[in-house]
Amino acid sequence: PKLCTKIIGDIVSLAKKFDKQCFLTAHNPAVLDGVDLGDDEQRLFVVSRNRKGHTRVKRILAESKPVSSTGEALKLSEAFLRGYLGGLPKNF
């Protein structure tokens, strides 16, 4: 997981250095921990389909980042795995 987080940080640095845009999809939730939602140049979207099969896109904002029951900010990977961000099947 730490390598996934580091790779995302490196991709962000390279994209900024060379003034490039990068769209990334992944199957490992640990990559989410490398995303800085406080940086407006980094964006996180949840793409899903509604019951009619239409694609829906929801942006995850820094201020909407979930917190634990004790008030601590959750890692994005943990928020995803708990189902707080969306993108998981309803029966999951």
Side-chain angles (χ1 to χ4, degrees):
K2 288 184 180 183
L3 180 59
C4 292
T5 301
K6 170 84 169 92
I7 288 172
I8 295 302
D10 290 348
I11 290 171
V12 168
S13 295
L14 288 168
K16 286 182 178 190
K17 178 179 178 179
F18 294 104
D19 195 29
K20 299 293 180 184
Q21 185 176 24
C22 178
F23 289 90
L24 177 77
T25 63
H27 293 273
N28 188 331
V31 301
L32 296 172
D33 297 334
V35 177
D36 178 5
L37 295 180
D39 180 355
D40 196 46
E41 292 187 356
Q42 298 180 50
R43 308 262 172 108
L44 176 61
F45 297 95
V46 175
V47 181
S48 59
R49 295 189 185 272
N50 66 15
R51 291 182 183 189
K52 293 183 179 180
H54 299 130
T55 302
R56 299 182 316 177
V57 178
K58 179 178 90 171
R59 182 176 175 194
I60 305 298
L61 300 169
E63 50 271 5
S64 64
K65 189 175 173 184
V67 294
S68 71
S69 58
T70 61
E72 300 176 63
L74 290 174
K75 289 182 177 181
L76 284 172
S77 60
E78 183 66 25
F80 171 75
L81 291 172
R82 290 184 184 188
Y84 298 161
L85 301 180
L88 294 175
K90 297 290 182 196
N91 299 337
F92 191 70

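None of these values were measured; they are calculated from a predicted model.
Nearest heavy atom pair, residue Asn28 against residue Cys4, reads ND2-SG, 3.4 Å.
Proximity of Leu24 to Ile8: side-chain heavy atoms (C-beta onward) are separated by under 4.5 Å at one or more points. No side-chain heavy atom of Ile7 sits under 4.5 Å from any side-chain heavy atom of Val31.
Asp36 CG to Arg43 CZ: the interatomic distance, rounded to the nearest 0.5 Å, is 12.5 Å. From His54, atom NE2 reaches atom CZ of Arg49 across 9.5 Å, with rounding to the nearest 0.5 Å. The structure places CD of Gln42 at 10.5 Å from SG of Cys22, a figure rounded to the nearest 0.5 Å.
Taken together through direct or relayed side-chain contacts under 4.5 Å among Ile, Leu, Val, Met, Phe, Trp and Tyr, Leu88 and Leu85 form part of one hydrophobic cluster. At a threshold of 4.5 Å between side-chain heavy atoms, the hydrophobic network of Ile, Leu, Val, Met, Phe, Trp and Tyr places Phe80 and Val46 in one connected group. Hydrophobic clustering keeps Leu37 apart from Leu74 (ILVMFWY residues linked when any side-chain heavy atoms are closer than 4.5 Å, directly or through intermediates). In the hydrophobic clustering of ILVMFWY residues, with side-chain heavy atoms under 4.5 Å counting as a link, Leu81 and Leu76 come out together.
In terms of modelled atom types and a separation under 3.5 Å, the side chain of Asp33 and the main chain of Thr5 share no donor-acceptor contact.
Other residues, nucleotides and ligands contribute only 12 or fewer heavy atoms inside 6.0 Å of the NZ atom of Lys6.
Listed by chain and number, the hydrophobic cluster partners of Leu61 come to none, as no ILVMFWY side chain reaches under 4.5 Å of it.
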